[in-house]
Amino acid sequence: MPEKNQNYSSNMYMEYVKNVEYDKKGNVIKLELTAKDDFNFSYDVVDKIAVETPDRLAILWVNDKGAEKRITFGELKTETDKVASFFMSLGIKKGDYVMVMLKRHYEYWYTYLALHKIGAVTIPATTMLQVKDMVYRIKAADVTAVICTAEGDIALITEKAEQECGVNLIKVLARGHRDSWVNFDEGKDGAPAFKRPTGKDAPVGKDISILFFTSGTTGMPKMVIHDFFYPLCHICTAAVWHNAVDGGLHITVADTGWAKTAWGKMYSQWLCGSAQFIFDHDKFHADVMLRMIEKYKVTTFCAPPTIYRFFIKEDLTAYDFSNLKYVTVAGEALNAEVYNQFLNATGLKLKEGYGQTENTIAVLNQIYDEPKPGSMGKPNPVFEIFISDENGNPTETGVNGEIVIRADRDNPPIGMFREYYKDKELTDSVWHDGLYHTGDMAWRDEDGYFWFVGRTDDIIKSSGYRIGPFEVESVIMEHPAVLECAVTGADDEIRGQVVKATIVLANGYEKSEALAKEIQNYVKTHTAPYKYPRIVEFVDALPKTISGKIRRTEIRDEGK
């Protein structure tokens with residue numbers, strides 16, 4: 001983190017840094033954040049930039065049909081004021097829960113920031129939801145309003161869910177008209193002048209600002225509550241991990257229905273002076289995304305491992321990456337094979353990061369650290385993070401344990417969630433004894449790097465051995481026949497459980513007993529033999545959540 005300059009630059013975020021300490025390489029080893037009690041990102045960051053440098057680029061929006069739109073901070077303030085006034089005229093107020101389903105349309109950013117200005121609680125949601133998904137969310141989160149796109153069937157699905165719930169929602173439709181819906185653009189452009197809420201109506205600091213639904217990899221999605229201080233912890237996300245810089249152009253590949261949008265498409269990239277590149281598309285194609293990076297001279301890029309798995313299947317030498325300076329990866333653990341292939345093709349080292357909807361980036365490879373392929377990196381300097389044994393004590397080097405964060409639940413550090421909405425029992429189960437329990441297992445090496453093992457529920461117990469699925473998946477992914485794989489435990493009368501590998505084959509390979517045997521032997525000779533998959537199943541696709549994460553619990557259930 002550079003010293004603060006007098007003028008607005010890539011280190012505007014230093015206004016919110018109370019204390020920072022570095023190691024000899026320049027990596028941050030301690031970072032204390034601070035903010036006024038009345039902090040609100042829309043006013044104190046976006047509007048402030050708009051006043052100081054109105055012509056600074058905030059968003060470069062492009063869609064898959066060739067349309068482009070450049071949005072400056074001055075324009076962003078003007079539009080979000082209009083949208084905030086429009087929403088207030090509809091009766092949306094502080095404390096209301098508003099579901100937002102706008103894909104990657106630029107209206108999403110107008111809406112999100114406008115809701116912050118009002119103090120309504122933003123609930124990002126994907127347009128891939130079905131009626132039962134919507135019913136669950138409307139009831140569970142006390143939704144009173146929905147802002148969604150006219151594209152696809154999500155408006156119809158919302159109407160069916162509304163009827164099934166027996167409620168009357170405020171419904172706003174972007175990019176189209178529909179009976180019983182208010183048109184977004186007409187309402188925005190006809191809204192009266194915006195008056196910032198004051199007094200008890202002012203949305204500030206510890207007020208609830210966001211409700212995220214988790215991916216639901218092990219059950220029904222949980223509802224995670226964050227306050228208005230939450231954006232500030234993403235200073236570490238952009239400045240220390242993404243390496244977003246003044247005048248840069250950053251893209252995070254994420255659907256706006258998930259928390260990853262807050263990590264990489266909303267907050268601290270702007271604090272670092274980097275504009276957001278938004279590619280509004282329906283279906284991912286590796287070659288198209290690569291052309292976007294090349295054409296628009298993207299400088300920093302972040303995506304889940306799945307994206308890089310598709311990238312390395314392309315001829316990466318055919319693209320000009322001279323403007324791309326830094327690449328990061330998160331969402332699921334990264335296999336070393338993917339890291340090595342991408343590095344060999346591009347010369348760029350993937351910097352992995354790990355975090356949860358409940359917090360922010362928790363473990364990361366910092367700018368000046370040399371990444372170890374397959375490692376999550378080191379703890380976020382904002383938090384006190386360690387690997388814990390069953391008694392809450394730090395584990396020894398090389399010993400598996402649970403990743404935990406030391407935190408005062410009554411006064412959590414900036415970036416930590418407040419609670420699971422309306423679920424005290426679930427909150428108590430993960431936050432106790434002065435620790436937040438992530439439910440993720442890892443081990444620490446002699447240099448302080450964390451290595452992911454798996455979810456506590458995913459650990460395979462076979463003949464007395466405790467086997468993390470990720471370590472087996474990493475070896476299987478090295479085999480050229482494998483595109484994707486998921487390792488789970490299967491019940492066994494003798495061993496308790498055995499390792500099972502569910503595999504999607506790469507193009508050009510066909511499933512056979514001989515190939516299964518070849519993969520088993522490969523694992524036996526590239527890691528401890530007891531970890532090899534005694535069961536190998538080839539499938540056309542792995543079961544995933546609508547956010548793209550593998551549902552190992554579904555694979556386990558199918559095997560029973």
Quick one: do E159 and K171 satisfy salt bridge (Lys or Arg N to Asp or Glu O under 4.0 Å)? Show the steps, please.
-> CA-CA 9 Å; E159 291 168 6; K171 301 191 296 294; over 6 Å; no
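- Identified under the salt bridge (charged side-chain N to carboxylate O under 4.0 Å, His left out) test for residues 284-302, with sequence neighbours left out: D287-R291.
- Residues F184 and V83 meet the side-chain proximity criterion, which asks for heavy atoms closer than 4.5 Å.
- For residues 85-107, the ring pair (Phe, Tyr, Trp, His ring centres under 6.0 Å) pairs, not counting sequence neighbours, are W61-Y106, Y97-Y421, Y106-Y110.
- Considering only heavy atoms from C-beta on, K188 stays 4.5 Å or farther from E107 through its side chain.
- The ring-ring contact (aromatic ring centres under 6.0 Å, His included) test applied to Y319 returns no partner, not counting sequence neighbours.
- To the nearest 0.5 angstrom, L324 atom CG is 8.0 Å from T300 atom OG1.
- Taken to the nearest 0.5 Å, the CD1 atom of I147 stands 8.5 Å off from the CH2 atom of W181.
- Going from atom CE of M266 over to atom OG1 of T256 covers 8.5 Å, rounded to the nearest 0.5 Å.
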Could you walk me through whether V146 and V98 pass the side-chain contact (heavy atoms from CB on, under 4.5 Å) check?
-> CA-CA 6 Å; V146 173; V98 181; over 6 Å; no
Stepwise side-chain contact (heavy atoms from CB on, under 4.5 Å) test for V45 and L271 = CA-CA 7 Å; V45 176; L271 277 164; 3.9 Å; yes
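- Proximity of a side-chain donor or acceptor of N183 to a complementary backbone N or O of G176 within less than 3.5 Å is detected.
- Remark: R196 is positioned above the aromatic ring of Y43, its terminal NZ or CZ atom under 6.0 angstrom from the ring centre and at most 45 degrees off the axis.
- Rounded to the nearest 0.5 angstrom, R137 CZ and C165 SG are separated by 12.0 Å.
- Aromatic ring orientation, F277 versus F279: parallel (interplanar angle below 30°, classes split at 30° and 60°).
- Between the side chain of E352 and the backbone N or O of V329 there is no donor-acceptor pair closer than 3.5 Å.
- Looking at F301, F310, Y308 one by one, the single match for ring-ring contact (aromatic ring centres under 6.0 Å, His included) with F342 turns out to be Y308.
- Of the possible polar contacts, none joining the S274 side chain to the D246 backbone as a donor-acceptor pair under 3.5 Å is found.
- Residues passing the salt bridge (Lys or Arg N to Asp or Glu O under 4.0 Å) test with K160: none are found, sequence neighbours excluded.
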Do Y230 and T360 pass the side-chain contact (heavy atoms from CB on, under 4.5 Å) test, and can you show the C-alpha distance, the side-chain angles, and the key distance before you say yes or no?
-> CA-CA 9 Å; Y230 167 72; T360 57; 3.6 Å; yes
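- Summarising the geometry, atom OG1 belonging to T72 is positioned 12.5 Å from atom CG belonging to L60; distances are rounded to the nearest 0.5 Å.
- Residues F194 and M88 meet the side-chain proximity criterion, which asks for heavy atoms closer than 4.5 Å.
- To the nearest 0.5 Å, atom OG1 of residue T346 and atom CZ of residue F311 are 10.5 Å apart.
- For residues 308-325, the pairs satisfying salt bridge (charged side-chain N to carboxylate O under 4.0 Å, His left out) are R309-E484, with sequence neighbours left out.
- Of the N and O atoms on the side chains of Q341 and E337, at least one donor lies less than 3.5 Å from an acceptor on the other residue.
- When the shell of 6.0 Å around CG of N344 is examined, it contains more than 12 heavy atoms from other residues, nucleotides or ligands.
- In this structure a side-chain-to-backbone donor-acceptor pair under 3.5 Å is present from K351 to I367.
- Partners of Y420 according to the ring-ring contact (aromatic ring centres under 6.0 Å, His included) rule, which considers only residues two or more places apart in sequence or in another chain, are F417.
- Although no hydrogens or angles enter the test, the distance criterion places a donor-acceptor pair under 3.5 Å between the side chain of T299 and the main chain of L249.
- T252 meets the side chain to side chain contact (heavy atoms under 4.5 Å, CB included) test with H242, H250, A254, K260, K265, C302; sequence neighbours excluded.
- For D64, the salt bridge (Lys or Arg N to Asp or Glu O under 4.0 Å) criterion is met by no residue, not counting sequence neighbours.
- Counting only distance, with no hydrogens or angles, the side chain of N380 and the backbone of I361 share a donor-acceptor pair below 3.5 Å.
- The closest donor-acceptor contact from the side chain of D255 to the backbone of W258 lies at 3.5 Å or more, if one exists at all.
- A salt bridge links K117 with D47; the closest basic N to acidic carboxylate O contact falls under 4.0 Å.
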Apply the test ring pair (Phe, Tyr, Trp, His ring centres under 6.0 Å) to residues F41 and F228: give CA-CA distance (whole Å), side-chain angles for both, the deciding distance (0.1 Å), then the verdict.
-> CA-CA 7 Å; F41 183 83; F228 279 93; over 10 Å; no
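- Looking only at distances, no side-chain donor or acceptor of N323 sits under 3.5 Å from a matching main-chain atom of V298.
- Contact check on K139 versus E164 returns no salt bridge, with no Lys/Arg side-chain nitrogen under 4.0 Å from an Asp/Glu carboxylate oxygen.
- Remark: the backbone N or O of I208 is not paired with any side-chain donor or acceptor of R418 at under 3.5 angstrom.
- One finds a salt bridge joining K422 and D142 here, because a Lys/Arg side-chain nitrogen approaches an Asp/Glu carboxylate oxygen to under 4.0 Å.
- Among pairs with a residue in residues 69-78, those fulfilling salt bridge (charged side-chain N to carboxylate O under 4.0 Å, His left out) read K77-D81, at least two apart in sequence or across chains.
- The shortest distance between side-chain heavy atoms of L211 and V224 does not fall below 4.5 Å.
- Residue pairs meeting the salt bridge (charged side-chain N to carboxylate O under 4.0 Å, His left out) criterion with at least one member in residues 90-101, sequence neighbours excluded: K93-D96, K94-D207.
- Below 30°, between 30° and 60°, or above 60°: for W263 and W241 the angle between ring planes is above 60°, a perpendicular geometry.
- With sequence neighbours left out, Q356 forms a side chain to side chain contact (heavy atoms under 4.5 Å, CB included) with Y354, E358, N359, Y436, T438, D440, R455.
- By the side-chain hydrogen bond (donor to acceptor under 3.5 Å, both in side chains) test, E151 pairs with K103, sequence neighbours left out.
- Between K206 and D227 there is no salt bridge, since no side-chain N of the basic residue sits under 4.0 Å from a carboxylate O of the acidic one.
- Inter-residue side-chain proximity for Y112 and I210 is flagged as met; some heavy-atom pair is nearer than 4.5 Å.
- Of the possible polar contacts, none joining the T261 side chain to the G257 backbone as a donor-acceptor pair under 3.5 Å is found.
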Passes side-chain contact (heavy atoms from CB on, under 4.5 Å), L115 versus V100? Steps please.
-> CA-CA 10 Å; L115 292 174; V100 180; 3.8 Å; yes
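- Just one of Y13, W109, F73 meets the ring-ring contact (aromatic ring centres under 6.0 Å, His included) condition when paired with W270; it is F73.
- In this structure, E32 places its CD atom where more than 12 heavy-atom neighbours from other residues, nucleotides or ligands lie under 6.0 Å away.
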